[in-house]
Amino acid sequence: MPPRKATTARKAAAKKASPRKAAPKKAAPKKSTAKKTATKTVAKKRSRAAMPEVPTAGPGERVWLLDVPFRTPAPGAQFVKKWKSYAWVGADLPAELAPFKALPFSYQQWVEDDINDSIGERPVAAAKTPRPEQVSGAEAVVAAARSGKRGFLLADNAGLGKTLIAVISAKTIAEERGETNILVLVDRPAQITIPHWRYSIASVGDGGFRWLIMSPDQLKKLIARNGRPKYTFGVVIADEAQLYSNDTQRTAAFEKVARFSNAHEQAPFVLSVTATPGHTPADQRYLAPLFAQLHSEPSEYWSDLGARLVESGLPLDKSYGKWTWSAEAKESPALQSQALETVRGWMSNSTPPLMIHRPTPWGPVPLDGMPIDLTHAQRAEYETEWAEYAYEMGLARKSRNVARGRALVLRYRQKAGMIRAESTAQWAQAQVKAGKQVLVAVEFVSTAGDPLVEMIEDAGISVAKLFGAVPDKEGQRLRFQRGDAPVIVFNVTTSISLHANEALPDGTHASSLPRTGIFHQPRYSGIAAEQTFGRSHRDYQTCPWVIPFGVGTKEEDVATVMLRNLNSVTGLKGGDRSGLRSLSELLGVEWLEPDVLTSDP
């Protein structure tokens, strides 16, 4: 014990005598840092105090709202919390801030115009002369509005020019009703669809109206904190209206902005634009208020469209929370056709008609299968993949594991496509050598889009990419359209043009080389397939498409059914979904919910 005491005492003495602990020099830097921090804080507070919380414009000035990317310097601009945007005040925007200015017809410019109580920059585009079918289409829409109806379904086939029909008719309706505000809702990708509509409006004149173009993802900006719409629009154009078929947040926002609950005579005119209205009558939720008006009933009677359609005698049933065909109708294409004709009749037999659907005068898309002989190694790989898929799907079936079953279908499609990637790349190269521009439609990025681009570019052919996180999608589209890139790989199904001789915004035209397309990963949905065809088979330009499959594989059976299914797109235009049932049986997924094959990955 004594030695321990002596050791402890020596240690204590050593600590006491240690110069490192005795010197208090480390405290000084902390005080200095604290002073600097305090000084900076005071400076920032003074700077904020000198800058008004909400800037105002003086005589001859304008408040400019700026879209400044994260961590990008914007000299002289101030972030305004109330507007959730950077702002700058002056007569003209400095050159260093010009790239961040609000674009014409954007929500940002809409707010900016409200702040300044004046209309900002308008877009400029080469003038277009509407074709006869576009003029007659606009006349049909305007006639419906003049009759006091609250909506119209524009269901012309892709390529007939529904965009210009919508713009022309919206201007006339707004003028005749004394309205000033027109809302245009577009599909994604917004980088392409919004400019497309902006320049389409400019090409025939905006009529002096206030136009707002936005995607469904931005709809929430139009809803106030109390859940009510912030603005009133006299005309609402819902492009790709089938986006508002299901019970989603964007559908709820759309119904508020379009004021579905308003009395018929107090509602805006809603122009639903789509070449693919839906799979069943219950998918036309965006038409529910119009159906109510046709039946002389309040809109709230049709808030549950499926239930009201059942009351009207249509063969529907609710499955997994969604209205679909009844068990009897699923087994009877004739019964489905009769139900679709009933709903179609409500619209087309009205006086005046409340819908138009016109086939393209250049005919249906040429579509064919493309058999591929797999190598011995590829066939062995495929058979292994199919055997594993069948085994795993059997397990998922027994446990009724819906999520696992869906994942297996997606994985099977990915792997089957990877095995054929080399053949698709070689086919694309051959078509380019034959003097054509090639469209390669994919559904998955990492297992199809990226590998195909790499294979084709390795052959010395430039490829435009319209999938994934490509920053300048419109730039990629124009590379293909101008012929700078002979091939485009894409997974966008709506609202873009890839056809020959397209009139571009700057007044020039796309290349005149003939287009041809390949569905490397085919869409099982007839709606998505027809939309994809319409990107190139439009405006009197014909584009043939092929569906590749491995000879002697399950893919061959799937392709046979798929070709039949793609020739019959369902919805208000007619058709049935019998092909999907056959596909379900081939893939062993008939026990899953009906949309497992056509759902987005």
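Side-chain atoms of Tyr286 come within 3.5 Å of backbone atoms of Pro277 as a donor-acceptor pair (strictly under, hydrogens ignored). No donor-acceptor pair closer than 3.5 Å links the side chain of His520 to the backbone N or O of Val442. Checking side-chain atoms of Arg400 against main-chain N and O of Arg397 turns up a donor-acceptor pair under 3.5 Å. A donor-acceptor pair under 3.5 Å is absent between the side-chain atoms of Glu383 and the main chain of Ala380, judged by distance alone. Side-chain atoms of Arg538 come within 3.5 Å of backbone atoms of Gly534 as a donor-acceptor pair (strictly under, hydrogens ignored). Checking side-chain atoms of Arg358 against main-chain N and O of Ile356 turns up no donor-acceptor pair under 3.5 Å. The backbone N or O of His499 lies less than 3.5 Å from no partner atom in the side chain of Ser497, so there is not a single donor-acceptor pair. In this structure, the side chain of Arg413 does not engage the main chain of Phe444 through any donor-acceptor pair within 3.5 Å. For the pair Ser348 (side chain) and Arg344 (backbone), a donor-acceptor distance under 3.5 Å is present. Remark: side-chain polar atoms of Asp506 are paired, donor with acceptor, to backbone N or O of Thr508 under 3.5 angstrom.
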Apply side-chain hydrogen bond (donor to acceptor under 3.5 Å, both in side chains) to the pair Gln481 and Ser511, showing each step before the final yes or no. CA-CA 6 Å; Gln481 285 299 80; Ser511 69; over 6 Å; no
Using the rule given for side-chain hydrogen bond (donor to acceptor under 3.5 Å, both in side chains), can you reason through Ser200 versus Ser203, listing the C-alpha separation, both sets of side-chain angles and the distance that settles it, and then say yes or no? CA-CA 5 Å; Ser200 294; Ser203 70; 5.3 Å; no
Could you go through the side chain to side chain contact (heavy atoms under 4.5 Å, CB included) check for Leu314 and Val343 one step at a time? CA-CA 9 Å; Leu314 270 68; Val343 177; 3.5 Å; yes
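Note: Trp362 and Tyr540 have tilted aromatic rings, judged against thresholds of 30 and 60 degrees for the angle between ring planes. Classification of the Trp545-Phe519 ring pair by plane angle, with boundaries at 30° and 60°, yields tilted.
Inspection of the Gln476 and Arg479 side chains reveals an N or O donor paired with an N or O acceptor under 3.5 Å. Side-chain contact of Gln242 with Thr274: a donor-acceptor pair under 3.5 Å is present, judged by distance alone. Judged by distance alone, the side chains of Gln531 and Glu240 do bring a donor and an acceptor atom under 3.5 Å apart.
Applying the ring pair (Phe, Tyr, Trp, His ring centres under 6.0 Å) rule to Phe467 yields no partners; only residues at least two apart in sequence or on another chain are considered. Contacts of Asn501 classified as side-chain contact (heavy atoms from CB on, under 4.5 Å), with partners at least two apart in sequence or in another chain: Ser512, Gln541. In this structure, Gln249 has no side-chain contact (heavy atoms from CB on, under 4.5 Å) partners at least two apart in sequence or on a different chain. Trp197 is linked by a ring pair (Phe, Tyr, Trp, His ring centres under 6.0 Å) to nothing, counting only residues two or more places apart in sequence or in another chain. Gln108 meets the side-chain hydrogen bond (donor to acceptor under 3.5 Å, both in side chains) test with no other residue; sequence neighbours excluded. Contacts of Met418 classified as side-chain contact (heavy atoms from CB on, under 4.5 Å), with partners at least two apart in sequence or in another chain: Thr447.
Enclosure of atom CD in Glu328 is not indicated, since only 12 or fewer non-hydrogen atoms of other residues, nucleotides or ligands lie within 6.0 angstrom. No more than 12 heavy atoms of other residues, nucleotides or ligands shown are found within 6.0 angstrom of OH on Tyr199. The number of heavy atoms from other shown groups lying within 6.0 Å of CD (Gln338) does not exceed 12. Surrounding NZ of Lys162 are more than 12 heavy atoms belonging to other residues, nucleotides or ligands, all under 6.0 Å away. By the 6.0 Å contact criterion, CD on Glu474 is enclosed, its count of non-hydrogen atoms from other residues, nucleotides or ligands being greater than 12.
Separation of atoms CD (Gln218) and CD1 (Ile213) is listed at 10.5 Å; rounding is to 0.5 Å.
Using a 4.5 Å heavy-atom threshold, the side chains of Phe480 and Gln437 count as touching.
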